[in-house]
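Data block below; observations after.
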Amino acid sequence: MMFFVANLFVLSFVIISTQGGVSVHNPFYCYSEDPVRSWTLLGGVHAPYEPNRGQIINANVSTCNPSKFWMLGRHGARLPLDTELPNILDTITAIHREILTNYNQGRTSLCASDFELLRNWEFDPNITMDVAGHLAESGWIEMETLAQRYQAAFPTILSSTYSPNDYLFRSTDFQRTRVSLHAFADGLFGVNGSEQVHFEDIPEQDIFMRPYQHCPLYSQINAVRVEQDAFLQGPEYQEMVIQVSAKLGFHNSHVLRNREVALLALQCKLEQIWNLDYTSPFCTAFSVANAQVVEYSEDVDFFYRVGYGRPEYRRLYENLMCFQMQDMLRFIQSNDANDHKARIFSGHVNLILILLNFGAFDGDVPLTRHNFAQQSQRVWRSSELLSMAANLAVIRYDCADGDNDVLFLYNEKPLQIPGCETNGVCKQSFILERFSRFLNGNCMEMYCTNS
């Protein structure tokens, strides 16, 4: 037994790149005793919003008067999707039983406290197909407190008294996005404040909020997953699969499959976003180094799906967001006294395509199957960019000279737009000129084109 453990340690002593430098796989890592809870920072598109947001909104970056607020955001933390839940129920519960057997037979390297978490785990019986994909309670809190922070920063725009003349709310036709808006409205107007709010009707074909779903070219391009699949079959990911399997007592011909490890990671991340104070038992399967590999696999995936990974289709990816860009630009340009003061939209992770237009996260060497070890300082990190409740807020400040200031915040942090100030402030004239093709374009003709 000691010989096996010693050799396991030698084989597993693999250097993994991290945000802060270098991490080494430790087969005896004890998640329940880690105060950092690394998965909350490495959860990719399932990361919680709280540890990845900016901590202070500086509303005084301009001496001008804040007058308009525009926000495009992702829904808050959710329950498993209807495509995920059956696999979780079948696969996770089966693996869970085997882990308990493996531990009792001395085949795992789980610490005692991690095993206790696993031994006492039961799947929440309240999570059924009827509520699959719905907003979690923690997601409600994310959206409600997000609204409260923006209101505290911009009280002259985001009034605590609702008026349909001041506010526009629009979501996609999913429970998690609709209820996210209700939570945001409660954050602004108080408990049950959303009951008085008019939410915009949602068309059956929602090209405005879900343009990527109505663009065959985009679907065709994203069906090709060369780099993503290659990384999953590559040495770093396969070594991670072996290490996770060994941690849980699955050796030799019993090593877990990619799909099974991915489900373990998903269950870990979901349980962690439902309660940040909870220690998800399935996170115990992964060392910090393992979590870094899982995160990078998502980074590569979304780098090509909604990021900078396909430069030959860069214009298509930008054009997909024509409707949102046009709405935002016309909103900040208009001086009509009858305009809303705030326009707030709730959608999905793909809407982050809008960021490509600003070039704020375009500083990386392309993420590939080959350069994981060289990407420790990458800008494109899905946990930070694509977390639950991720949001872009645009605030107009009215200036006396007519060239207004426009503040861009992403996840409550200043967006670093080339040509603008480092504090996220741009001149309105600069933004309108730079994106004039959206301001004056025909989005129905543009949104699904690569020119």
Side-chain angles (χ1 to χ4, degrees), residues 62 64-73 150 154 156-159 163-172 181 184 198-203 205-212 214-215 315-347 350-360 391-410 415 417 419-420 424-449 451:
S62 171
C64 304
N65 180 45
S67 63
K68 291 190 170 191
F69 180 91
W70 186 94
M71 191 186 90
L72 177 65
Y150 275 133
F154 305 103
T156 58
I157 311 175
L158 300 175
S159 169
S163 166
N165 295 323
D166 291 339
Y167 284 97
L168 177 141
F169 292 91
R170 180 169 178 178
S171 72
T172 62
L181 270 193
F184 197 92
H198 169 73
F199 298 94
E200 297 295 303
D201 293 335
I202 304 167
Q205 286 198 330
D206 192 0
I207 297 180
F208 180 87
M209 286 295 291
R210 304 189 75 207
Y212 45 88
H214 303 281
C215 179
R315 185 50 66 97
L316 167 67
Y317 279 34
E318 293 174 348
N319 286 348
L320 278 167
M321 301 311 295
C322 181
F323 298 102
Q324 283 76 26
M325 288 291 291
Q326 188 173 86
D327 188 86
M328 181 268 290
L329 293 168
R330 290 180 176 178
F331 181 59
I332 65 171
Q333 179 191 48
S334 174
N335 293 311
D336 189 335
N338 295 318
D339 277 352
H340 301 106
K341 289 185 179 179
R343 296 173 68 85
I344 299 157
F345 302 92
S346 174
N350 291 56
L351 290 175
I352 305 306
L353 282 160
I354 197 170
L355 294 178
L356 304 187
N357 286 288
F358 303 113
N391 62 92
L392 171 68
V394 183
I395 300 92
R396 189 181 96 171
Y397 291 74
D398 293 346
C399 299
D401 64 2
D403 192 5
N404 300 320
D405 286 341
V406 183
L407 171 63
F408 290 83
L409 298 174
Y410 188 66
L415 192 65
I417 300 175
C420 298
V425 174
C426 302
K427 296 308 292 184
Q428 180 175 308
S429 58
F430 172 79
I431 292 297
L432 294 178
E433 180 180 357
R434 178 170 173 180
F435 301 116
S436 60
R437 69 188 186 91
F438 294 119
L439 183 65
N440 304 312
N442 183 330
C443 289
M444 282 301 296
E445 294 179 356
M446 287 174 57
Y447 87 96
C448 193
T449 65
S451 60

First locate atom [atom1] of [X], then atom [atom2] of [Y], and finally report the distance between them rounded to the nearest 0.5 Å.
| X | Y | atom1 | atom2 | value |
| --- | --- | --- | --- | --- |
| I344 | F199 | CD1 | CZ | 9.5 Å |
| L355 | L353 | CG | CG | 8.5 Å |
| H340 | F69 | NE2 | CZ | 14.5 Å |
| L439 | D327 | CG | CG | 11.5 Å |
| T449 | M446 | OG1 | CE | 6.5 Å |
| L181 | F169 | CG | CZ | 7.0 Å |

D336 CG: over 12 foreign heavy atoms closer than 6.0 Å: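 Enclosed: over 12 neighbouring heavy atoms sit under 6.0 Å from CG of D336.
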Minimum heavy-atom distance [X]-[Y], with the two atoms named:
| X | Y | result |
| --- | --- | --- |
| F435 | L329 | O-CD1, 3.4 Å |
| S67 | D398 | OG-OD1, 2.9 Å |
| T172 | I202 | O-CD1, 3.4 Å |
| K341 | F331 | O-CZ, 3.6 Å |
| P66 | T156 | O-OG1, 3.7 Å |
| I354 | M325 | CG1-SD, 3.7 Å |

R170 with D206: basic N within carboxylate O range, under 4.0 Å: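 Yes, charged N to carboxylate O under 4.0 Å.
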Examine distances only and state if a side-chain atom of [X] and a backbone atom of [Y] form a donor-acceptor pair shorter than 3.5 Å.
| X | Y | answer |
| --- | --- | --- |
| R396 | K68 | no |
| N319 | S451 | yes |
| Q326 | F438 | yes |
| N404 | C399 | yes |
| D403 | S429 | yes |
| Y447 | H214 | yes |

Heavy-atom distance under 4.5 Å between the side chains of [X] and [Y], does that happen here?
| X | Y | result |
| --- | --- | --- |
| E200 | H198 | yes |
| Y150 | N391 | yes |
| L407 | F154 | yes |
| Q205 | R210 | no |
| M328 | L72 | no |
| D405 | K427 | yes |

Residue pairs fulfilling salt bridge (charged side-chain N to carboxylate O under 4.0 Å, His left out) with at least one residue in residues 432-449, sequence neighbours excluded: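 Qualifying pairs: E318-R437.
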Ring centroid separation F208 to F345 under 6.0 Å: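 Centroid distance F208-F345: below 6.0 Å, so yes.
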Qualifying residue, where the test is ring pair (Phe, Tyr, Trp, His ring centres under 6.0 Å) with F358 and the options are F408, Y410, F430: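 By the ring pair (Phe, Tyr, Trp, His ring centres under 6.0 Å) criterion, F358 pairs with just one of F408, Y410, F430: F408.
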All salt bridge (Lys or Arg N to Asp or Glu O under 4.0 Å) counterparts of D166, not counting sequence neighbours: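 D166: no salt bridge (Lys or Arg N to Asp or Glu O under 4.0 Å) contacts found.
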Stepwise side-chain contact (heavy atoms from CB on, under 4.5 Å) check, S62 with I395: CA-CA 11 Å; S62 171; I395 300 92; over 6 Å; no
